[in-house]
Amino acid sequence: MQSSSPSPTRPSGPPLLLDSLAPADRATVGVAMPVSVVFTHPVAAKARKAVEQHLKVSSSVPVTGAWHWFSDRRVDWRPEQMWPSGAHVTVDAALDGVGDGNGRYGTHDYHHSFTIGAAVKATVDVPGHSMKVYRNDALIRTMPIDAGSPSFPSWDGTMAVLDKARSVRMTSCSVGITCDPKNPEFYDLTLPWDVHLTYSGTYVHYSTGDPQPGHSYGSHGCVHLSLADAKWFYDYVKQGDPVTITGSPRGKAAGDNGYAAFNLSWSQWLANSATGAQTTSAA
């Protein structure tokens with residue numbers, strides 16, 4: 001009688017799945033782009049070290065970096081300093097069979113690879129009403145801007161570009177300012193050339209209500225450019241390029257308000273890491 005070997009067993013329970021893994025596979029991104037992993041369900045604190053140990057970041061240029069838990073569903077990885085331009089990066093999430101501490105187990109692995117593009121960086125001087133764009137540390141363009149008003153100031157700090165769209169409908173209701181059409185702060189506009197910086201609604205874009213920026217505080221927190229400059233900036237930047245705003249009284253955007261990882265100091269970043277700093281191996 002021929003015996004058969006037992007079939008491998010898998011832990012019982014519902015699956016541990018990812019809601020998203022950014023950046024997208026084969027993307028080219030900017031030097032401030034984190035690796036951002038969002039789970040569909042909470043990961044218990046007791047399981048986070050094991051989960052981190054199964055999330056591997058490799059790069060063609062070795063960098064020191066670490067994971068950071070923003071919540072029980074989101075964990076991001078960033079290098080201590082910004083990525084070197086030209087680096088090739090891979091993310092291997094070997095989660096098959098890994099538990100989340102709440103009864104869920106991974107059922108398969110994930111693999112993403114991406115490239116760090118040119119080091120494009122933008123700086124916004126709020127009181128100076130000016131934006132400067134650099135490529136590999138060389139100044140490319142200086143543009144007049146208007147940022148948030150004293151009543152509705154812009155976020156300070158460094159925010160990596162989340163995404164961009166040729167047009168976006170922007171309403172005062174969606175960002176919690178007012179839903180009352182009779183309120184003088186009410187707006188409902190569809191505006192072009194929108195570069196997205198925060199989940200709370202910060203964009204760099206053109207506004208029909210502020211067509212010639214450079215002299216006032218003309219927004220509810222966004223950064224306004226002229227129509228020509230807004231299109232140029234939209235065409236020039238990519239996801240992960242850092243935009244650093246200074247001189248606004250609001251304070252820095254939270255690290256998980258989009259991709260604002262570099263608004264945290266390295267010690268703050270490590271404080272929410274289960275495995276600590278690591279140097280990447282070759283991708």
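Ring geometry for His196 versus Tyr199: interplanar angle over 60°, hence perpendicular rather than tilted (30 to 60°). Taking the six-membered ring where the residue is Trp, Trp83 and Phe114 present perpendicular rings, their angle passing 60° and hence far from 30°. The aromatic rings of Trp69 and Phe39 lie parallel to each other, their planes meeting at an angle below 30°, with 60° marking the opposite boundary. Using cut-offs of 30° and 60° on the angle between ring planes, the pair His68 and Trp269 is parallel.
At a threshold of 4.5 Å between non-hydrogen side-chain atoms, the residues Tyr110 and Asp92 do not count as touching. Residues Pro213 and Ser226 are in side-chain contact: their nearest non-hydrogen atoms beyond the backbone lie under 4.5 Å apart. Looking only at side-chain heavy atoms (C-beta outward), Thr123 and Met131 stay at 4.5 Å or farther from each other. Side-chain contact between His220 and Ile177 is present, with heavy atoms from C-beta onward closer than 4.5 Å. Put simply, the side chain of Val63 reaches to within 4.5 Å of the side chain of Pro84, judged on heavy atoms. Between Thr64 and Trp266, the closest side-chain pair of non-hydrogen atoms falls below 4.5 Å. Side-chain contact between Val161 and Met33 is absent, with no heavy atoms from C-beta onward closer than 4.5 Å. Side-chain contact between Arg141 and Asp229 is present, with heavy atoms from C-beta onward closer than 4.5 Å.
Residues Arg48 and Ala274 share a closest heavy-atom pair of C-CB, 4.1 Å. Scanning all heavy atoms of the two residues, the minimum distance from Asp100 to Pro42 falls at OD2-O, 3.4 Å. Closest heavy-atom contact between Asp180 and Thr178: N-OG1, 3.1 Å. A pairwise comparison of heavy atoms in Gly157 and Lys252 identifies CA-CG, 4.0 Å as the closest pair. Of all heavy-atom pairs between Leu18 and Thr40, the closest is C-CG2, 3.8 Å. Scanning both residues, Ala47 and Gly101, for their nearest heavy atoms gives CB-N, 3.6 Å.
Of the possible donor and acceptor atoms, none in the side chain of Glu80 sits under 3.5 Å from a partner among the backbone N and O of Gly65. Listed for the Asp109 side chain is a donor-acceptor partner under 3.5 Å among the backbone atoms of Leu95. Of the possible donor and acceptor atoms, none in the side chain of Asp235 sits under 3.5 Å from a partner among the backbone N and O of Trp232. A donor-acceptor pair under 3.5 Å is absent between the side-chain atoms of Thr158 and the main chain of Pro242, judged by distance alone. With Arg74 contributing its side chain and Asp76 its backbone, the two residues share no donor-acceptor pair below 3.5 Å. A side-chain donor-acceptor contact under 3.5 Å links His112 to the backbone of Pro23. Using a distance-only test at 3.5 Å, with no hydrogens or angles considered, no donor-acceptor pair links the side chain of Asp72 to the main chain of Val43. Put simply, the side chain of Asp146 gets close to the backbone of Ser216: a donor and an acceptor are under 3.5 Å apart. For the pair Asp25 (side chain) and Ser113 (backbone), a donor-acceptor distance under 3.5 Å is present. A donor-acceptor pair under 3.5 Å is formed between the side chain of Ser248 and the backbone N or O of Ser154.
Val57 and Leu264 fall into different hydrophobic clusters, where Ile, Leu, Val, Met, Phe, Trp and Tyr are joined by side-chain heavy atoms under 4.5 Å apart, directly or via other members. Both Leu55 and Val98 are members of a single hydrophobic cluster when ILVMFWY side chains are connected at heavy-atom separations under 4.5 Å. Residues Leu189 and Val168 fall within the same hydrophobic cluster, defined by Ile, Leu, Val, Met, Phe, Trp and Tyr side chains chained together at heavy-atom separations under 4.5 Å. Under the 4.5 Å side-chain heavy-atom criterion for grouping Ile, Leu, Val, Met, Phe, Trp and Tyr, Ile245 is not connected to Tyr259 through any hydrophobic cluster. Linking Ile, Leu, Val, Met, Phe, Trp and Tyr whenever their side-chain heavy atoms come within less than 4.5 Å leaves Trp155 and Phe262 in two separate clusters.
Remark: the Thr115 side chain and the His88 side chain contain an N/O donor-acceptor pair separated by less than 3.5 Å. Remark: the Asp210 side chain and the His224 side chain contain an N/O donor-acceptor pair separated by less than 3.5 Å.
In this structure, Gln268 CD and Ser273 OG are separated by 14.0 Å, a value rounded to the nearest 0.5 Å. Summarising the geometry, atom CG belonging to Asn257 is positioned 6.5 Å from atom OG1 belonging to Thr202; distances are rounded to the nearest 0.5 Å.
Sparse packing is recorded around CZ of Arg169, with 12 or fewer heavy atoms of other residues, nucleotides or ligands lying under 6.0 Å away. Other residues, nucleotides and ligands contribute at most 12 non-hydrogen atoms within 6.0 Å of the CD atom of Gln212. In Asn136, the CG atom is crowded: over 12 heavy atoms of neighbouring residues, nucleotides or ligands sit closer than 6.0 Å.
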Exercise. When you look at Lys132 and Asp125, which way does the salt bridge (Lys or Arg N to Asp or Glu O under 4.0 Å) test go after all the steps?
Worked result: CA-CA 8 Å; Lys132 295 181 185 295; Asp125 176 1; over 6 Å; no
Problem set entry | side-chain contact (heavy atoms from CB on, under 4.5 Å) between Phe152 and Ser219, intermediate numbers included | CA-CA 7 Å; Phe152 299 99; Ser219 85; over 6 Å; no
Exercise. Between Val91 and Lys56, is a side-chain contact (heavy atoms from CB on, under 4.5 Å) present by the stated rule, with each step listed?
Worked result: CA-CA 6 Å; Val91 183; Lys56 182 182 178 182; over 6 Å; no
Problem set entry | Check against side-chain contact (heavy atoms from CB on, under 4.5 Å), Tyr203 and Thr198 | CA-CA 7 Å; Tyr203 287 82; Thr198 69; over 6 Å; no
For this session: Would you please test Phe233 and Val133 for side-chain contact (heavy atoms from CB on, under 4.5 Å) and show each step?
Result: CA-CA 9 Å; Phe233 188 66; Val133 178; 4.0 Å; yes
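Both tests hold for Lys164 against Tyr234: distance to the six-membered ring centre under 6.0 Å, angle to the ring axis within 45°.
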